[in-house]
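Step one of this worksheet: look at the structure below.
Being a predicted model, the structure only gives us computed values, none of them experimental.
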Amino acid sequence: MAKGFNSRGMGGMGGGMNMNMIKQAQKMQQDMLKMQQELEEKTYQASAGGGVVTATVSGKRELKTLEIDPDAVDPDDVEMLQDLIVAAVNEAMRAAEGDAASTMQKLTGGLGLPF
């Protein structure tokens, strides 16, 4: 047997610490998967133009519904309606991403992981 090594691992450091770290990493991975599934099932809603346009997106960042008040439809000003739609969808997407980031921050405890 080589010097510095024993039956418990390298340099006398037991495998217990490594197994504990592996178990913690596995638990964190399971928690992250569960959290990701929960986030994907949520919906996020945002409005624009005082509520005349409302967008709902899923946690998967897919547009689910788009509601437009008939009063918002002005054939002479289609550009404003387009802007309201973009604003509502973007705000709903930001809400979904903000919730995901906040939830991951809670799970990782500020480890600075790139999620």
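- Nearest heavy atom pair, residue A96 against residue Y44, reads CB-CD1, 3.4 Å.
- The salt bridge (charged side-chain N to carboxylate O under 4.0 Å, His left out) check on E97 picks up R61, with sequence neighbours excluded.
- Minimum interatomic distance between A92 and A55 (heavy atoms only, all atoms of both residues): CB-O, 3.9 Å.
- Each of V89, N90, D83 was checked for a side chain to side chain contact (heavy atoms under 4.5 Å, CB included) with V86, and the lone residue meeting it is N90.
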Practice prompt. Could you walk me through whether L81 and V53 pass side-chain contact (heavy atoms from CB on, under 4.5 Å), step by step?
Written response: CA-CA 8 Å; L81 179 58; V53 175; 3.9 Å; yes
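- Atom CD of Q36 and atom CD of E40 lie 5.0 Å apart (nearest 0.5 Å).
- For the atom pair CE (M19) and CD (Q24), the distance works out to 12.0 Å, reported to the nearest 0.5 Å.
- Paired with Q82 under the rule side chain to side chain contact (heavy atoms under 4.5 Å, CB included), one option of I85, L84, V78 passes, and it is V78.
- Atom-to-atom distance recorded for Q26:CD and M21:CE is 12.5 Å, nearest 0.5 angstrom.
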Worksheet item: Can you list the steps and then say if M80 with D74 is a side-chain contact (heavy atoms from CB on, under 4.5 Å)?
Response: CA-CA 9 Å; M80 179 168 41; D74 180 356; over 6 Å; no
Please set out all donor-acceptor pairs under 3.5 angstrom arising from side-chain atoms of residues 64-71, sequence neighbours excluded.
{"from": "T65", "atom 1": "OG1", "to": "T56", "atom 2": "OG1", "distance (Å)": "3.1"}
{"from": "D69", "atom 1": "OD1", "to": "D71", "atom 2": "N", "distance (Å)": "2.8"}

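- In terms of heavy atoms, G51 sits closest to T54 at O-OG1, 3.9 Å.
- Atom CE of residue M104 and atom CG of residue D99 lie 10.5 Å apart, to the nearest 0.5 angstrom.
- When all heavy atoms are compared, the tightest approach of A87 to A48 is CB-CB, 4.1 Å.
- Between L39 and A100 the shortest heavy-atom distance is CD1-CA, 3.7 Å.
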